[in-house]
Amino acid sequence: MPRTILHVDMNAFFVSAEVLRRPELEGRAVVVGGSGPRGVVAAASYEARRYGVHSAMPSTRAQRLCPHAVFLPGDHAYYGEVSARVMAIFRSYTPLVEPISLDEAFLDVTAARRLRGDGPTIAASIRGRVRSEEGLQCSVGVAPSKFLAKLASEAAKPRASFDRIDPGPGVIEVEPGAELAFLHPLPVAALWGVGPATLERLQRLGVSTVGDLAAIPLTTLQHRVGNHHGTHLHELAHARDPRPVVPEQALKSVSHEETFATDHHRVETLTPEVVRMADATAERMRRAGVTGRTVTLKVRFGSFRTITRSVTLSGPTDSARAIAGAARGLLDQIDPASGVRLVGVAVTNLDEGGTRQLGLFDDDATSRTAGRAARAASWDAAEQAVGEVRDRFGTDAVVPARLVDADGVRVKRRGDQQWGPDAAGADP
């Protein structure tokens, strides 16, 4: 029996969520994203898209293209709340829901067809509930595979041109047996994994559509783009994608990073930023109930050259103090004199359950002396108390002293400056 996979994609989700709480913006050009010179567009209303504004565009260019647009900084926490309610609607149809981001998900509704109807019927029902319960619009692709369902949802979305906004069909189905008829006329850039470099190589072979690509022998394709990548593209071009919808995926990493409005050139000004990233990362790990062993510092220079430095601890931890200490040690290995544009802190090699392995020679976990053991226990108790206070009063109720300056408390919250910094200074 062919599978029935849905890909549900919210239409201009961040903008639409903002309009829900600011109805006066309905029908206007609205852009959500970073407001500073290094900001990028996260989402644009279809009214703004008529002027060429699109996601991932630099905000400065968007402002030139559409100067009358309303620019909003974005509210990740609010979007997360709305997304959770939308995902709950999806899960009322099937437990096989695989969120891809806040605004899109795959659903395997194969087992729900007898009760709910065929794929397009289920898709239409989901669209109606999202609209009536949340006041939002979404587009749905229906297909036998995840890959085709995503392409179908893209084709179902509204389209904006300079003189009009086409609302789109809302639901498009790729029926079993019609996969190649739908897929082969599409531009080859529609395939996952075809970026600018790969596209250039394929164009040299005379490939412009997916059908052109399907006609290329596998060995020729592998020779041009590599064995693994060539095989991947060959399979997609023949509509072969057996991947299942995976509803629960274990965390592989927890991280925070931030782009600065202007470059930092001194370790002294970068250190509080690294501590802030580490503190936020540890807070998310505690809430997720995981510990980790490897701490990675990411540094992007003003030239966009990006480096990472990592250290593996002797045992898993969710301690902000331990993570910050490791990250600061890695920072000492970096020369920021040329200017640092971005820093990030990540923890990998995660263990579920939040347990800590006691290490024989780890000063933070065990010690050779009773004094060291007492200090470690005191820090553990202190961080536990900090966590309980934050749960009750917010993440900025108790913070490391380095995060307090003349402007007050500066904590890193998930989604802060996700799309670029505000127009503020960095290094004094």
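Atom-to-atom distance recorded for R224:CZ and L202:CG is 9.5 Å, nearest 0.5 angstrom. Atom OG of S83 sits about 9.0 Å away from atom NE2 of H76, to the nearest 0.5 Å. Taking SG of C66 as the reference point, atom CZ of R61 lies at 12.5 Å (rounded to 0.5 Å). Here CG of L151 is found 7.0 Å from CG of L191. Values are rounded to the nearest 0.5 Å. Here F90 contributes atom CZ and L107 contributes atom CG; the two are 6.5 Å apart, rounded to the nearest 0.5 Å. The structure places OG1 of T198 at 11.0 Å from CD of Q203, a figure rounded to the nearest 0.5 Å.
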- Item | CA sep, side-chain torsions, deciding dist, call: M10, L136, side-chain contact (heavy atoms from CB on, under 4.5 Å) | CA-CA 8 Å; M10 306 302 295; L136 299 169; 3.7 Å; yes
- Message: Please evaluate residues R309 and I307 with respect to the criterion side-chain contact (heavy atoms from CB on, under 4.5 Å), reporting the C-alpha separation (whole Å), side-chain torsions for both, the decisive distance (0.1 Å), and the verdict.
- Response: CA-CA 7 Å; R309 297 289 184 268; I307 63 172; 3.9 Å; yes
- Task: Please lay out, stage by stage, how V245 and V97 fare under the test side-chain contact (heavy atoms from CB on, under 4.5 Å).
- Result: CA-CA 7 Å; V245 172; V97 176; 5.9 Å; no
- Stepwise side-chain contact (heavy atoms from CB on, under 4.5 Å) check, L96 with F106: CA-CA 8 Å; L96 299 178; F106 288 108; over 6 Å; no
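Q222 is not listed as a side-chain neighbour of H234, based on a closest heavy-atom distance of 4.5 Å or more. Residues L297 and T308 fail the side-chain proximity criterion, which asks for heavy atoms closer than 4.5 Å. Counting heavy atoms from C-beta outward, R341 and F301 have side chains that stay 4.5 Å or more apart. Proximity of L331 to L270: side-chain heavy atoms (C-beta onward) are separated by under 4.5 Å at one or more points. Residues T291 and T317 are not in side-chain contact: their nearest non-hydrogen atoms beyond the backbone lie 4.5 Å or more apart. Side-chain atoms of H256 and V345, non-hydrogen and from C-beta on, never get closer than 4.5 Å to each other. L148 has its side chain out of reach of V142: every pair of non-hydrogen atoms, C-beta onward, lies at least 4.5 Å apart. Proximity of H7 to E104: side-chain heavy atoms (C-beta onward) are separated by under 4.5 Å at one or more points.
For R3 against S145, the heavy-atom pair with the smallest separation is NH2-CA, 3.7 Å. Taking all atoms of both residues into account, the shortest heavy-atom contact from A239 to E179 is CB-CB, 3.8 Å. The two residues H265 and D263 come nearest to each other via the heavy atoms CD2-O, 3.6 Å. Residues G52 and L65 approach most closely at O-CD1, 3.8 Å, considering heavy atoms. Between A69 and V31, the shortest heavy-atom distance links the atoms CB-CG2, 4.2 Å. Taking all atoms of both residues into account, the shortest heavy-atom contact from L183 to V210 is O-CB, 3.5 Å.
At a threshold of 4.0 Å, the pair E47-R28 does not count as salt-bridged, since none of the basic side-chain nitrogens sits closer than that to a carboxylate oxygen. A salt bridge is defined here as a Lys NZ or Arg NE, NH1 or NH2 lying under 4.0 Å from an Asp or Glu carboxylate O, and D318 with R287 fails to meet this definition. R293 and D351 are joined by a salt bridge, as a carboxylate oxygen and a charged side-chain nitrogen come within less than 4.0 angstrom of each other. A salt bridge does not link E81 to R85: none of the charged side-chain nitrogens sits closer than 4.0 Å to a carboxylate oxygen. At a threshold of 4.0 Å, the pair E257-R300 does not count as salt-bridged, since none of the basic side-chain nitrogens sits closer than that to a carboxylate oxygen.
At most 12 non-hydrogen atoms from other residues, nucleotides or ligands lie less than 6.0 angstrom from CD of E26. Environment of CZ in R91: crowded, with over 12 heavy atoms of neighbouring residues, nucleotides or ligands closer than 6.0 Å. Summarising the local packing, NE2 of H68 is surrounded by more than 12 heavy atoms from other residues, nucleotides or ligands at distances under 6.0 Å.
No donor-acceptor pair under 3.5 Å is formed between the side chain of R49 and the backbone N or O of V53. In terms of modelled atom types and a separation under 3.5 Å, the side chain of T94 and the main chain of D108 share a donor-acceptor contact. With T271 contributing its side chain and E268 its backbone, the two residues share no donor-acceptor pair below 3.5 Å. The backbone N or O of V140 sits nowhere less than 3.5 Å from a side-chain atom of S153 that would complete a donor-acceptor pair. Judged purely by atom type and a 3.5 angstrom limit, E98 uses its side chain to pair as donor or acceptor with the backbone of V246. Listed for the R127 side chain is a donor-acceptor partner under 3.5 Å among the backbone atoms of C138. D241 places a side-chain N or O within 3.5 Å of a backbone atom of F147 that can act as its donor or acceptor partner. Formation of a donor-acceptor pair under 3.5 Å by the T220 side chain with backbone atoms of I216 is not found in this model. D279 contributes no side-chain N or O that, together with a main-chain N or O of R276, makes up a donor-acceptor pair within less than 3.5 Å. Judged by distance alone, with hydrogens and angles left aside, the side-chain atoms of K157 form no donor-acceptor pair with the main-chain N or O of G168 at under 3.5 Å.
A donor-acceptor contact closer than 3.5 angstrom links the side chains of T312 and T294. With no hydrogens or angles considered, no side-chain donor-acceptor pair links S16 and Q137 at under 3.5 Å. Side-chain contact annotation: S139 with N11, donor-acceptor N/O pair under 3.5 Å present.
A cation-pi geometry, defined here as NZ or CZ lying under 6.0 Å from the six-membered ring centre and within 45° of its normal, holds between R21 and Y78.
In this pair, F260 and H264 present their aromatic rings perpendicular. The plane angle is above 60°, beyond the 30 to 60° band. Aromatic ring orientation, F14 versus Y79: parallel (interplanar angle below 30°, classes split at 30° and 60°).
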